[in-house]
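Shown next, in structure tokens, is the structure this report addresses.
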Amino acid sequence: MEFRLLGRMEADQDGRRLELGRRRERALLAVLLLEAGSVVPVERLVDLLWDEDPPATARANLHTHVSRLRAHLDRDGTGAWGFQLISGDGGYRADVDRQAVDVHRFHSLVDDAGRMSAPGQRAAILRQALALWRGPLLADVASERLRDRIGTALAEQRVTTVELAIDAELADGRHGEVIAELTALTAEFPLRERFVGQLMRALHGAGRAAEALECYAAIRQRLAEELGVDPGPELQQLHLAILRGDLGLPRQPPAVPVPAQLPVDVHGFAGRDAELDRLDAVLAAGSEQPTAVLISAVSGTAGVGKTALAVHWAYRVAERFPDGQLYVNLRGFGPDEHRATPSEAVCDFLGALGVPVEKIPATLDAQAALYRSLLAGRRVLVVLDNARDAEQVRPLLPGTPTALAVVTSRNQLTPLVATEGARPIALDTLSTEEARTMLERRLGTGRITAEPEAVDRIIAACARLPLAIAIAAARAEQSGFPLAVVAGELEKHDRLLETLDAGDPASRIRAVFSWSYRELTPPAAAVFRLFGLHPGPDMSAAVGASMAGCPPREARRLLTELARANLLTEYVPGRYTAHDLLRAYAAELVQEHDDDPARHGALGRMLDHYLHSACAADKALFPLRNPSELPLPTPDPDSHPERFADADEANAWLRAELRNLMAAQSHADTTRRDTYSWLLAWALDTFLDREGLRGEEITAWQYAAQAAKRLDNPAARADALRYLGRAHLHLNQYAAAQSHLRQAFALFTEVGILTGAARTALHLSYLEERQDHLEEAHRYNEQGLALYEASGQRRGQADALNAVGWTHGLLGRYAEALAYCSKALVVLEEIGHEPGVAATLDSIGYSHHHLGDHVQAADYYHRAIALYRKLDDRYYEAATLVHLGDNHDAAGDPAAARDAWQQALDTFTELDMPDAASVRAKLQASRAATS
């Protein structure tokens, strides 16, 4: 399969043009292909695909667009055409060979050209890249707003590539060949000085020096009239050279030295393509903003490779800065206490620029002024490495738009971004593939391919942190040990930070982290240590406040300090994380600096926060579910549980916190805080059931069953067994389901809890139904109804009436089914039990379908689906979509049937439900019948 985005959007499979659906579906595909291989969050997709405020149905509409794209490009769900649209991690990912997408081929060719030394070869490859462009990006798909948001940088790269191609052709002596093209380009980009300079060189090289001088006069006048400025120094020098007749003569030695201070390029540098592109974009922006001083601020945590990136990129572009490269390590974070002062650094630069010591002024202001004067009009690259803060950097920034400064720091240098216009580049850990490439370049392909599993273990243990990978590679290289042995050393978590020690402070992970930690204020340091206690993968500001026992506003301030120091990453607003090595360092510190009562109190407040927040979320999702009889512990007064205005807020919180909630329950189980363990399972059940998260559901209720047994609480244990049975039932694990449900029924009967026994009877009915034991299923439903009637609980009676009606329908007794279900619907609507209403609407639709009233059936199914969507109950929404598809198929509308089945299949596949197999079979049979 081949995709073309550079112009009209097209896709081909084996020479056949593919249908890509409606404009928004094509735009969705384009965004995913531009970021092929990476998950694009749903929020970003919604923001990009709707020009104005997205409708309330945007997420559901997006899901429909995804389903239709799959139908066009991956009909059998196997990726046989080389394309799959994968759901997960809060978004969607296009799984496709990047070379099958013209945008990525364009980038690859430009990179290939950069490695060519011969200008003719370089020009040929760049022209090949430019030939991929058939018009503006997504010419027939993207709105102007969408194209501006996703295509501005790409459009600039196209123009920059044209400039590079013409440079190569001029260097190859092909002056006359490019004059016509450059004439058109200068008309299209009249203020882009580089094109004017190229045209002047081409005209001069073709013997048309007078016309070259006319070009200069024209742009000089235009710049004066439109911007009030003169041409830049480079164009001025070109003009003078043509006047003097010395264009093309060897460059005269400069009046001052040309510094070349860059340290050695990093051995084994790998990946960072996106960050290198962003640095390239900063450089390219200079031609668009000829009066702006170019500054890039690279920030990231200790050991993430900021210096490596800056130095590697500096070597890539060094030829663009013929007047030199300045470099200084400002020692903002390091093993010694002596941080470089701005005066020390600027004096070193002045010396490199040829200023004798006795001529250097005494004050910092005068030193900085002289430094900027010497750089004025010169093309110099300035690398300011390892800065502590903006104040240390400001006197070292060049004042000329011909120079560029790259600043690296563990802090985010927000003031530089805000006041000096620095372009921020936040550096994260490597991707797994980048980490593997780094190891391969250091250890050789043979060792990597010989032990691929060990390589993955090393990468995981090193948390994809470049410094840690470099130390591990050095250990493997120097010892000669098999990589599995090195991986085993790293996986000993109690010795991990000792293992990652290459013998000096700069390559000792613990020491490197300590340089950032010791710069923190004491309250922020305390919060960082608490991160070592937190069992989950990330932490919200609210949880941080509860663990620290401080007001939420204070916690946000302290977490912001940690994020600015790059000890934590605020990866979405209000949520913080850190890689595993920093987490291990925090865990060491909390054991060293905080006593048992302090640690115990922080963990107790964390459990209070998660439990009471989860109960509040459950109440928002299922208002009729009654927690009043639960033995909820009183929360610590310094804990700050969440409150939710509605079900949408509750669902969003539960999705964001699910992994933390599961980790908190595991921690409660390990530490024998059994009340928390089983209550967390109860609080999460509505959400897990509606999301179809059966694996998490089983884990949660297994913990709950163990906790209830230790608490000697048979009622709680019966509940846990019932929920366990239901989860196994949904996974078609019938033996496990039957065992748990029968134990639960016996326990409920033993302790006299009629409602629990009744609900278990309904689950046992569903178990028998799934195995086609319909009469037995009906008897269990009737038993459940009798038990609910004896208990007097109206909601349960109504659910049981629907259940009895449903099995009447399965047995072909549709009139009886409608009588029971209609009676149930009246009660359920009266008491406002929306999940029960949705289930009953589905049951009534089923009977109308089998009575041949397909229009009436479809109406009930649509009402049920709408209610399930409102409840965000994805599993049962998909189940009802299957019934709707069956109804359309019976009514003679196979296209509508396939659309409903496809939506159901997408959801079941995302939820990893076994139901997907039967739906896929329906789709395949329908397509075969109509082909």
Side-chain angles (χ1 to χ4, degrees), residues 6-7 102 105-135 154-220 222 231-252 280 283-284 286-288 290 316-322 379 402:
L6 302 176
D102 59 357
R105 288 204 306 279
F106 170 74
H107 289 306
S108 295
L109 287 166
V110 173
D111 289 343
D112 290 344
R115 290 188 281 271
M116 296 293 109
S117 57
Q121 291 177 309
R122 191 160 62 248
I125 297 174
L126 289 170
R127 289 298 181 184
Q128 186 182 347
L130 290 166
L132 295 172
W133 287 80
R134 298 164 292 108
L154 193 57
E156 173 59 31
Q157 289 169 5
R158 178 189 187 183
V159 177
T160 301
T161 303
V162 173
E163 292 172 338
L164 293 172
I166 293 173
D167 274 343
E169 286 159 347
L170 289 172
D172 202 37
R174 292 149 60 182
H175 300 87
E177 296 177 24
V178 296
I179 290 174
E181 181 182 9
L182 282 166
T183 301
L185 287 168
T186 54
E188 183 180 357
F189 302 96
L191 298 179
R192 198 167 180 113
E193 294 188 31
R194 188 169 177 187
F195 281 143
V196 175
Q198 289 175 326
L199 179 55
M200 290 170 65
R201 288 181 180 277
L203 289 166
H204 182 273
R208 297 157 62 179
E211 292 176 64
L213 295 173
E214 289 172 5
C215 285
Y216 180 81
I219 193 171
R220 181 179 182 182
R222 188 178 297 116
E234 196 168 301
L235 211 57
Q236 292 182 34
Q237 291 170 10
L238 176 60
H239 176 239
L240 287 173
I242 294 173
L243 286 172
R244 294 169 180 163
D246 61 1
L247 184 64
L249 295 177
R251 182 183 176 91
Q252 297 300 312
D280 286 342
L283 185 54
S287 58
E288 289 295 311
R316 286 203 342 175
V317 299
E319 64 180 19
R320 305 279 295 275
F321 296 94
R379 296 198 59 79
T402 58

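Start at 1 with the first residue, then count along the sequence. FYI, side chains are in, hydrogens and waters are out, and symmetry mates aren't considered; it's all heavy atoms of this structure.
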Begin from the C-alpha positions of Leu132 and Arg105 and carry the test side-chain contact (heavy atoms from CB on, under 4.5 Å) through to its verdict.
-> CA-CA 8 Å; Leu132 295 172; Arg105 288 204 306 279; 3.8 Å; yes

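- Going from atom CG of Leu130 over to atom CD1 of Ile125 covers 12.0 Å, rounded to the nearest 0.5 Å.
- The side-chain contact (heavy atoms from CB on, under 4.5 Å) test applied to Glu234 returns Arg379, not counting sequence neighbours.
- Between Glu214 and Leu203 the shortest side-chain heavy-atom distance does not fall below 4.5 Å.
- Scored by the side chain to side chain donor-acceptor pair (under 3.5 Å) test, Glu211 finds Arg208 as partners (sequence neighbours excluded).
- Summarising the geometry of Pro190 relative to Ile219, their closest heavy-atom pair is O-CD1, 3.9 Å, with the distance given to 0.1 Å.
- Scanning for salt bridge (Lys or Arg N to Asp or Glu O under 4.0 Å) contacts around Asp111 gives an empty result, with sequence neighbours left out.
- Residues satisfying the side-chain contact (heavy atoms from CB on, under 4.5 Å) test with Arg316, not counting sequence neighbours, are Leu276, Asp280, His312, Trp313.
- Taking Arg158 as the reference, nothing meets the salt bridge (Lys or Arg N to Asp or Glu O under 4.0 Å) condition, with sequence neighbours excluded.
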Could you go through Phe195 and Leu182, starting from their C-alpha distance and side-chain angles, then the distance that decides it, and tell me whether this counts as side-chain contact (heavy atoms from CB on, under 4.5 Å)?
CA-CA 7 Å; Phe195 281 143; Leu182 282 166; 4.1 Å; yes

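- Looking at every heavy atom in both residues, Gln198 comes nearest to Leu170 through O-CD1, 3.9 Å.
- Contacts of Arg174 classified as salt bridge (Lys or Arg N to Asp or Glu O under 4.0 Å), with partners at least two apart in sequence or in another chain: Glu169, Asp172, Glu177.
- Here the closest non-hydrogen pair linking Ile242 and His204 is CG2-CD2, 3.9 Å.
- Ala318 is linked by a side-chain contact (heavy atoms from CB on, under 4.5 Å) to Gln325, counting only residues two or more places apart in sequence or in another chain.
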Apply side-chain contact (heavy atoms from CB on, under 4.5 Å) to residues Leu185 and Ile166 and explain how you reach the verdict.
CA-CA 11 Å; Leu185 287 168; Ile166 293 173; 3.8 Å; yes

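- A salt bridge is defined here as a Lys NZ or Arg NE, NH1 or NH2 lying under 4.0 Å from an Asp or Glu carboxylate O, and Arg122 with Asp167 fails to meet this definition.
- Considering only residues two or more places apart in sequence or on other chains, His175 meets the ring pair (Phe, Tyr, Trp, His ring centres under 6.0 Å) condition with none of them.
- Pairing each heavy atom of Cys215 with each of Met200, the nearest pair is CB-CG, 3.8 Å.
- Shown here are the ring pair (Phe, Tyr, Trp, His ring centres under 6.0 Å) partners of Phe106, two or more places apart in sequence or in another chain: Trp133.
- The minimum heavy-atom distance between Ile179 and Ala202, with the atom names listed, is CG1-CB, 3.8 Å.
- Considering every non-hydrogen atom in both Pro119 and Ala171, the closest pair reads CB-CB, 3.9 Å.
- Contacts classified as side-chain hydrogen bond (donor to acceptor under 3.5 Å, both in side chains) and involving residues 181-190 (residues at least two apart or in different chains) are given here: Arg127-Glu181.
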What verdict does the side-chain contact (heavy atoms from CB on, under 4.5 Å) test give for His239 and Arg220, after you've listed the backbone C-alpha separation in whole Å, the side-chain angles of each residue and the deciding distance to 0.1 Å? CA-CA 11 Å; His239 176 239; Arg220 181 179 182 182; 5.5 Å; no

